[in-house]
Amino acid sequence: MKTKHILGLIAALAVTSSAHALGDLSRANPIEVVMEMGTANNKMYFKPNQLTFETGKAYKLVLKNVDKIKHEVSSTGLIERVFTRKVEVLDANKKMIAEIKGNVREIEVAGGGVVEWFFVPIQPGKNIAVECEIAGHKEAGMVGTITIN
């Protein structure tokens with residue numbers, strides 16, 4: 001009888017531990033979403049310019065600047081609704097050259113650069129504005145929206 005009880009307790013602990021590990025988003029494999037920044041036909045753009053995320057899932061937002069000039073990604077509404085795990089700055093060989101942890105207000109990406117933003121959405125929101133705050137870029141079309149379900 002005691003053996004059955006102990007085996008049941010061990011099984012319950014194993015299931016509980018496994019469920020807890022699955023819920024640890026700091027170690028989860030993130031869903032990769034790529035956002036390109038650039039210029040075409042004298043218009044600046046984010047591509048895609050509409051993104052959708054789900055609360056409670058881990059994401060890696062890859063920001064690729066295909067221009068020779070710098071661009072920014074700025075979105076107060078997004079920043080208020082996500083937990084940033086980290087931001088990684090990559091060199092031309094995709095080797096990490098910097099890692100930023102903590103709150104992020106905007107991310108500037110050098111011409112030809114790539115930045116990976118790891119985050120978990122924690123609060124829903126619709127029509128969250130995202131833009132490039134460099135003078136003239138927003139007016140040239142570098143805007144978009146984000147939805148968090």
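Source: prediction; values computed, not measured.
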Tell me whether [X] contacts the main-chain N or O of [Y] through its side chain, where contact means a donor paired with an acceptor under 3.5 Å.
X      : Y      : answer
Arg85  : Phe119 : no
Glu80  : Gly77  : no
Asp67  : Thr39  : yes
Asn149 : Glu54  : no

query: Under 6.0 Å from the six-membered ring centre of Phe118 and within 45° of its axis: does the NZ or CZ of Lys60 meet both?
result: no
message: Glu36 vs Tyr45, test: side chain to side chain donor-acceptor pair (under 3.5 Å). Steps then yes/no.
response: CA-CA 8 Å; Glu36 182 180 296; Tyr45 64 86; 2.5 Å; yes
With side chains defined as the heavy atoms from C-beta onward, is the minimum distance between [X] and [Y] less than 4.5 Å?
X     : Y      : value
Leu63 : Ile107 : yes
Ile69 : Met44  : yes
Val82 : Val104 : no
Met35 : Lys47  : no
Val73 : Val109 : no

message: Using the rule given for side-chain contact (heavy atoms from CB on, under 4.5 Å), can you reason through Val89 versus Ile100, listing the C-alpha separation, both sets of side-chain angles and the distance that settles it, and then say yes or no?
response: CA-CA 8 Å; Val89 181; Ile100 298 109; 4.0 Å; yes
Considering all heavy atoms of both residues, which atom of [X] and which atom of [Y] are nearest to each other, and what is their separation?
X      : Y      : answer
Ser75  : Ala129 : OG-O, 2.7 Å
Thr55  : Pro124 : CG2-N, 3.8 Å
Trp117 : Thr84  : NE1-OG1, 3.1 Å
Pro121 : Tyr59  : CD-CD1, 3.6 Å

Spacing of [atom1] belonging to [X] relative to [atom2] belonging to [Y], to within rounding of 0.5 Å:
X      : Y      : atom1 : atom2 : value
Leu78  : Gln123 : CG    : CD    : 11.0 Å
Phe53  : Ile148 : CZ    : CD1   : 7.5 Å
His71  : Lys64  : NE2   : NZ    : 15.0 Å
Glu99  : Glu88  : CD    : CD    : 5.5 Å
Thr147 : Lys126 : OG1   : NZ    : 6.0 Å
Leu90  : Glu116 : CG    : CD    : 4.5 Å

- request: State, without any angle test, whether Ser74 and Glu133 hold a side-chain donor-acceptor pair at a distance under 3.5 Å.
  value: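 Yes, a side-chain donor-acceptor pair sits under 3.5 Å.
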message: I'd like to know if Glu72 and Lys70 make a salt bridge, using a cut-off of under 4.0 Å between side-chain N and carboxylate O.
response: no
- request: Treat each ILVMFWY residue as a node, draw an edge where side-chain heavy atoms are under 4.5 Å apart, and state whether Met142 and Ile79 are in one component.
  value: yes
task: Is it possible for you to say whether Val87 and Met37 belong to one hydrophobic cluster, with membership spreading through side-chain heavy-atom contacts below 4.5 Å?
output: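 Yes, Val87 and Met37 fall within the same hydrophobic cluster.
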task: Please test Ile146 against Thr52 for side-chain contact (heavy atoms from CB on, under 4.5 Å), starting from the C-alpha separation and ending with a verdict.
output: CA-CA 6 Å; Ile146 295 172; Thr52 301; over 6 Å; no
message: Let's go through Val115 and Val62 carefully: what are the C-alpha distance in whole Å and the side-chain angles of both, what is the deciding distance for side-chain contact (heavy atoms from CB on, under 4.5 Å) to 0.1 Å, and is it a yes or a no?
response: CA-CA 6 Å; Val115 172; Val62 180; over 6 Å; no
field: Leu51 and Val33: CA distance, side-chain angles, deciding distance, side-chain contact (heavy atoms from CB on, under 4.5 Å) verdict
entry: CA-CA 9 Å; Leu51 297 173; Val33 176; 3.8 Å; yes
